[in-house]
Amino acid sequence: MEMLLFGIWTLLTLIPCPGAIEELFEVSVWPNQALVEFGQSLVINCSTTCPNPGPSGIETFLKKIQVGKGLQWKEFLLEDVTENSVLQCFFSCAGIQKDTSLDIIVYQPPEQVILELQPAWVAVDEAFTVKCQVPSVTPLENLTLTLLQDNEELHRKNFVSMTVASQRAEVTISVRAQRENDRCNFSCHAELDLSSQGGGLFHGNSAIKLLRIFEFSQSPQIWISSLLEVGMAETVSCKVSRVFPAKEVIFHMFLGDQELSPFLFWKEDTAWANGTVRAMETGDQELSCLVSLGPMEQKTRKSVYVYSFPPPILEIEELYPLAGTDINVTCSGHVLTSPSPTLQLQGAPTLSAPGETVWLLLTAREEDDGRNFSCEASLEVQGQRLVKNTVTQLHVLYKPRLEESGCPGNQTWVEGMEQILTCVPEGNPVPALECTWNGMIIDLEVPQKATQNHTGTYCCTATNKLGSVSKDIDVTVEGLDKGVNSTLFIIIVVLGVGGIILALYLNYRPCKMKRKKLPYRQKKYNKEEEENQFAVQQAEKCNSHNC
């Protein structure tokens, strides 16, 4: 019996007391720092040093699945982690329970960074806002937002003091617009620093926004005549001043519903457009100019009146009459002219009443050759008097003449000097001229050095389709040693040259003759009827005049 009691006592001394067991086993959790991205999963391992643990597990409000276990450990999968939480891991050993906690921190990197410029186009000296927001980011106290203007820091904000649980970060500033801000690039940079929680550094950037600055304080102006003639091209100009940037101004110009195609110009703070307008309908119409720059546009209008006023009609019964023929000249308004114009015919005694035709009867004379007749129409439109003219030239046909003024009968040459026989005929058509001396046809274009042998009588014949005429010209050659001093010689030369120039001028153009035979140029005369009416008269030869 004593031996039995001794054995029991010995066994009891070998069993440790509860306090000793509690001090001997430990509970641990892995990982010791839990940083998980929002919505992702996390594997947790709980373990103990107890050789034969009792009940064990984890306590959390998160969804958990046990994925593995051993004698001294258990492994759990936490799914869809979206909130920060504290997890408890516990084990019991010999009736004693121990636990340890794990702080689970959820983070969400700034993947979406949104920058807004309000408005995108800003008038000079007006305020605009730069707003940056990150819709989903966690934890906010580790976030910094930086606003940038052309890569230079404009504003910085952190969220350390944020006490309200939120996943949205936002920063807004107000800036006053200046011209130098035009076309500046604005952006936002987000930085989430989790290095203190055992994580890394996360970055996010917004898209770049371009800021436009403009100035458009004055209304455009239109320059064009208030009267437009139907069918006629007119230039219209639309201009706007104190505008920035001038080269980006857009112009649209209209005449009624007809859009024009203007050419655009700009210089410094002024922009303008020039276009061509052609109205096809008469009456009141509206010309408009729409100018736009960025979000702004201004429109200006101008009323114009479109009228029809073709030139008056001038009719001469015969443009190439024979001298002595009676002809009618009439002046009338065009049928498209509205209202009817007042007409005046040059040479007619009085003005016509509006809408009436003016006429004139005259007898064509030689001196009427080349005469211009003018038909003038006068029309009052919108208080303005408009005038249009139609001019027609009369050509009177007459026989050749050799007048003393153009073809002197006595001519004096100076021996040794270059001389030309002076003879310019008159007539219409322009006569051909042929001059002979000693039976030879001379060239009136080529000067010849005068000698005593050139003294004598020359015969010149002028011919056109209406007839011919001849004239003898006596030429005297005087030497310088026969009473002609140097002064007189100079006077003679000057007078001779002046006479030639005057004669050529009076007959419109110089004579041009071929070598040995030089006909004068004739005006083009294409009327076959007149050629049938008048026979070509042949010039009489000089020998019939005893030349």
Side-chain angles (χ1 to χ4, degrees), residues 11-113 134-144 159-169 190-204:
L11 180 63
L12 291 174
T13 57
L14 294 175
I15 298 174
C17 66
I21 294 176
E22 184 178 354
E23 291 178 359
L24 289 177
F25 85 96
E26 294 180 356
V27 177
S28 62
V29 63
W30 181 92
N32 56 4
Q33 286 186 328
L35 191 64
V36 59
E37 187 173 352
F38 180 87
Q40 297 300 310
S41 300
L42 177 65
V43 176
I44 300 296
N45 187 294
C46 286
S47 61
T48 182
T49 59
C50 179
N52 189 21
S56 62
I58 61 173
E59 291 183 358
T60 179
F61 62 85
L62 300 174
K63 182 180 178 181
K64 62 184 178 179
I65 300 175
Q66 184 174 318
V67 294
K69 68 176 181 176
L71 179 62
Q72 295 176 303
W73 61 272
K74 286 184 178 181
E75 191 170 76
F76 299 89
L77 175 65
L78 306 180
E79 295 182 321
D80 192 23
V81 181
T82 59
E83 295 183 41
N84 293 343
S85 63
V86 178
L87 179 144
Q88 297 290 334
C89 176
F90 66 90
F91 274 90
S92 62
C93 187
I96 299 175
Q97 180 176 306
K98 279 189 175 182
D99 60 47
T100 185
S101 63
L102 173 66
D103 290 332
I104 299 176
I105 299 176
V106 176
Y107 75 93
Q108 187 170 4
E111 295 179 348
Q112 187 180 17
V113 182
V134 182
S136 299
V137 60
T138 305
L140 282 181
E141 60 266 23
N142 296 86
L143 179 69
T144 301
F159 299 84
V160 175
S161 59
M162 291 291 292
T163 57
V164 180
S166 175
Q167 294 180 343
R168 182 183 184 88
E191 182 179 272
L192 185 65
D193 187 2
L194 299 178
S195 57
S196 60
Q197 284 89 5
L201 196 61
F202 298 90
H203 300 276

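Note: hydrogens, waters and symmetry copies are ignored here, and every other heavy atom, side chains too, is used.
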**OP:** Using a 4.5 Å cut-off on heavy atoms from C-beta on, say whether the side chain of S85 contacts that of D103.
**Re:** no
**OP:** Please check if the side chain of N142 supplies one atom and the backbone of D193 the other of a donor-acceptor pair under 3.5 Å.
**Re:** yes
**OP:** Could you tell me the separation between the CD atom of Q108 and the CZ atom of F202, rounded to the nearest 0.5 Å?
**Re:** 11.5 Å
Original post:
Does L194 reach the side chain of P139, with side-chain heavy atoms less than 4.5 Å apart?
Top reply: yes
Subject >> V29 and I58, any side-chain heavy atoms less than 4.5 Å apart >> reply: no
Subject >> Beyond-backbone contact of S56 with V27, side-chain heavy atoms, under 4.5 angstrom >> reply: no
Subject >> Short side-chain to backbone donor-acceptor contact, K74 and Q66, under 3.5 Å >> reply: no
**OP:** State the CD-CD distance between Q33 and Q197, to the nearest 0.5 angstrom.
**Re:** 8.5 Å
Subject >> Atom pair CZ/CG of F76 and L87 - distance to nearest 0.5 Å >> reply: 9.0 Å
**OP:** Please round to the nearest 0.5 Å and tell me the distance separating atom OG of S28 and atom CH2 of W73.
**Re:** 13.0 Å
**OP:** State the OG1-CD distance between T60 and Q88, to the nearest 0.5 angstrom.
**Re:** 9.5 Å
Subject >> Nearest heavy-atom neighbours spanning P31 and V43 >> reply: CD-O, 3.7 Å
Original post:
Of the non-hydrogen atoms in V36 and I104, which two are nearest, and what is the gap between them?
Top reply: CG1-CG2, 3.9 Å
Subject >> Minimum-distance pair of heavy atoms, taken over all atoms of L77 and S41 >> reply: CD1-CB, 3.8 Å
Original post:
To the nearest 0.5 Å, how far apart are SG in C46 and CD in E75?
Top reply: 10.0 Å
Subject >> Donor-acceptor under 3.5 Å (T100 side chain, C89 main chain) >> reply: no
**OP:** Decide yes or no on side chain to side chain contact (heavy atoms under 4.5 Å, CB included) for S47 and Q72, but give the supporting numbers first.
**Re:** CA-CA 6 Å; S47 61; Q72 295 176 303; 5.7 Å; no
Original post:
What closest approach, in Å, do F90 and E59 show between heavy atoms, and which atom pair accounts for it?
Top reply: CE2-CG, 4.0 Å
Original post:
Stepwise, does the side chain to side chain contact (heavy atoms under 4.5 Å, CB included) test hold for L42 with L62?
Top reply: CA-CA 10 Å; L42 177 65; L62 300 174; over 6 Å; no
Subject >> Student check: side-chain heavy atoms of K63 and D80 closer than 4.5 Å >> reply: no
Original post:
How far apart are the closest heavy atoms of C50 and P53, and which atoms are they?
Top reply: O-CD, 3.4 Å
Subject >> Closest non-hydrogen atom pair between V106 and E37, with its separation >> reply: CG1-C, 4.4 Å
